[in-house]
J.: 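I'd like to ask you about the structure that follows.
Reminder, nothing fancy here: chain letters follow the sequence lines and each chain counts from 1. Please read all numbers here as calculations on a predicted model, not as lab measurements. The figures that follow rest on heavy atoms only: side chains count, while hydrogens, waters and symmetry mates do not.
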Amino acid sequence: MSDAPTRLDAARERRDNVVALIDGKVFDELPADLYIPPDALEVCLEAFEGPLDLLLYLIRRQNLDILDIEVAEVTEQYLRYIDLMKALKLDLAGEYLLMAAMLAEIKSRLLLPQPAAEDEEEDPRAELVRRLQEYERLKRAAENLDELPRQDRDLFGAHAGKPEWVKARVQPTVDLKELMVALAEVLRRADLHQTHAVQLEGLSVRERMSDILARVNAASGFVAFDALFDPREGRRGVVVTFLALLELAREALVDLVQNAPFSPIYVRPPQARETS
Amino acid sequence: MIDAHQAERIVEAALLAADGPVSILRLANLFTAEDLGERSAQTLVREALDALGRRTAGRGYELVRVASGFRFQVRQEFSPWVSRLFDERAPRYSRALLETLALIVYRQPVTRGDIEQVRGVAVSSSIMRTLSERGWIQAVGQRETPGRPTLFGTTRRFLDDFNLQSLDQLPPFEDLQSFVATHGEDAQAEPTPDETRPLAEVVQLPVGEQ
Amino acid sequence: MIDAHQAERIVEAALLAADGPVSILRLANLFTAEDLGERSAQTLVREALDALGRRTAGRGYELVRVASGFRFQVRQEFSPWVSRLFDERAPRYSRALLETLALIVYRQPVTRGDIEQVRGVAVSSSIMRTLSERGWIQAVGQRETPGRPTLFGTTRRFLDDFNLQSLDQLPPFEDLQSFVATHGEDAQAEPTPDETRPLAEVVQLPVGEQ
């Protein structure tokens, strides 16, 4: 099934009732004895999409109604085409032979005496007729589809040059929910009890611990204890800061130093100690 | 805050710069909270599209809506001139390919076996590959029968390329069931009213009209 | 014979359909003898280009002349909006990164060792670097234990990016199980009955009950 233009052209010609092109000469009528010059036959056969297509062609040539096929007649013609194809040693697809067998079977069934029974036995042609009709519809649908305006053949997108731009490096965004789910997941895998114990101070205290640590380390010396409290934060802020300092001291992340009783308290980075 | 005229020109610029159709949502996302003030981005975009549709009336191009959004497109009446620009002609597709595509379009989801049954011949792999590479068909699943054959359907790209918003816009494929209906048990069944042509007429079409 | 308006629209359509700049000669070749009558194709094209240049004044795009011909070009002033069309999709952060961030948020100040202890696997340097570069975590000190490991905490930028005034606004850890039950995919934990209880009370619960 190549897309060779000759075959396409042949298909198109056939639609216009032309049987064959031989040396550029148009034959628009089938010889009565169905003899077709071998060259033309080849062109014709290549234009068929399969046994259904060939059969449909034969029926249409005779101006017959699909619903009223003379199976004997059509089978005869079909087999003669097949024989010719064989004689010409054309590469004959198995489907053509299958169809020949099916036609022969239908023909023989039609020759059998009809049973008188009222059980409405299906007409042996019904299945063939159904397939031919559906194939014919498909052919028409395919033609319709081909006629629709199509991008790049009939339709062209309208574009203008893009302006210059700096490509932004887009950072992933994280939804708070994702963060929660990640934490819950990791904690489920870890020792929950221990985690709870650590968690007890609450987030505001943990946050304040980081703040204080950052300030103390930035000062790289002493920070006055008082300076870490911001009265504008109110009572709650003072408590949070106080708890944070206690926790930092407990975890030995800061040292609290006082030179003398009632003298100012200072916070400083911890001095290396010997761990006992 | 930007005004409606500015919004219209931004949408115009975006559609002209984009490589394909752009959805309203994607257009709406071009505007920042600062641009919008209290307005809805989508409303702003819709109004801009309306204005652009009116503006391109009678021009060499038009605003069209396809499955995946809006795009500017050269008016088809100018195709004869425009196509002279391109040396390479758009490919013509074989009947085998078009029939295969038509079956996938109208009967999706279908397997290769389904296609072979209707066409009466094997479906060549190169046709399926061409259709996939063109971005018109895709595997959409597997049928739960022995061998689990792949089911194929059409893509959004297919709709875009055929200038469609949905498959509904295609001409109808006469229903396969109508034959069964007229030849089965209830032989007198009427054709469904939405069929464009009664079956009998179709069958009696003279050969020349094919 | 086509009129000047028709010619203008054909040139417009051709420039919009072309992939790059189009020379006057190529544009002139679009017209047939029949289109032209007695007129010169190049004159027709030049007049069309003049008209198009005037028409696009103040629009989202403009007609520009470059070495190899004419093209329509989106105006540079719309670049900030148009460029958003082409921004790459943001990648997603790995679960390992999110878990690391979550632990830093909830247990700060922490060392990498602390995180590794809870997660049970080594924390990669690239995760810590990504979080630092993103401006979400910072070194806040060192723990005075052998090796003096760095302590990490979250930044103000972290709060800003997550739209928080303070970490207080995050659900307390105790609520997480119920949070996951309603938001997570694979949560099997039942909601705790005391999820709405204020933090202070939760603190007093014996650990074993949770």
J.: Could you tell me which portion of F86(B) (side chain, backbone, both or neither) has an atom closer than 4.5 angstrom to a non-hydrogen atom of chain C?
T.: side chain
J.: Name the option with the most non-hydrogen atom pairs under 4.5 Å to chain C; the candidates are G60(B), A14(B), A18(B).
T.: G60(B)
J.: Quick check for you: among V11(C), L15(C), L85(C), V74(C), which has the greatest number of heavy-atom pairs under 4.5 Å with chain B?
T.: L85(C)
J.: Who are the side chain to side chain contact (heavy atoms under 4.5 Å, CB included) partners of P109(B), not counting sequence neighbours?
T.: V140(B), L151(B)
J.: Donor-acceptor pairs between chain C and chain B under 3.5 Å, which ones?
T.:
from   : atom 1 : to     : atom 2 : distance (Å)
E8(C)  : OE2    : R59(B) : NH1    : 3.3
E8(C)  : OE2    : R59(B) : NH2    : 2.8
R9(C)  : NH1    : G58(B) : O      : 2.9
E12(C) : OE1    : R59(B) : NE     : 3.2
E12(C) : OE1    : R59(B) : NH2    : 3.1
E12(C) : OE1    : G60(B) : N      : 2.8
E12(C) : OE2    : R59(B) : NE     : 3.4
E12(C) : OE2    : R59(B) : NH2    : 3.3
R26(C) : NH2    : L85(B) : O      : 3.1
L30(C) : O      : R84(B) : NH1    : 2.3
D35(C) : OD2    : W81(B) : NE1    : 2.8
G58(C) : O      : R9(B)  : NH1    : 3.0
R59(C) : NE     : E12(B) : OE1    : 3.2
R59(C) : NE     : E12(B) : OE2    : 3.3
R59(C) : NH1    : E8(B)  : OE2    : 3.3
R59(C) : NH2    : E8(B)  : OE2    : 2.8
R59(C) : NH2    : E12(B) : OE1    : 3.0
R59(C) : NH2    : E12(B) : OE2    : 3.2
G60(C) : N      : E12(B) : OE1    : 2.8
Y61(C) : OH     : Y61(B) : OH     : 3.0
W81(C) : NE1    : D35(B) : OD2    : 2.7
R84(C) : NH1    : L30(B) : O      : 2.3
L85(C) : O      : R26(B) : NH2    : 3.4

J.: Give the minimum heavy-atom separation between A17(B) and V82(C), together with the two atoms involved.
T.: CB-CG1, 3.5 Å
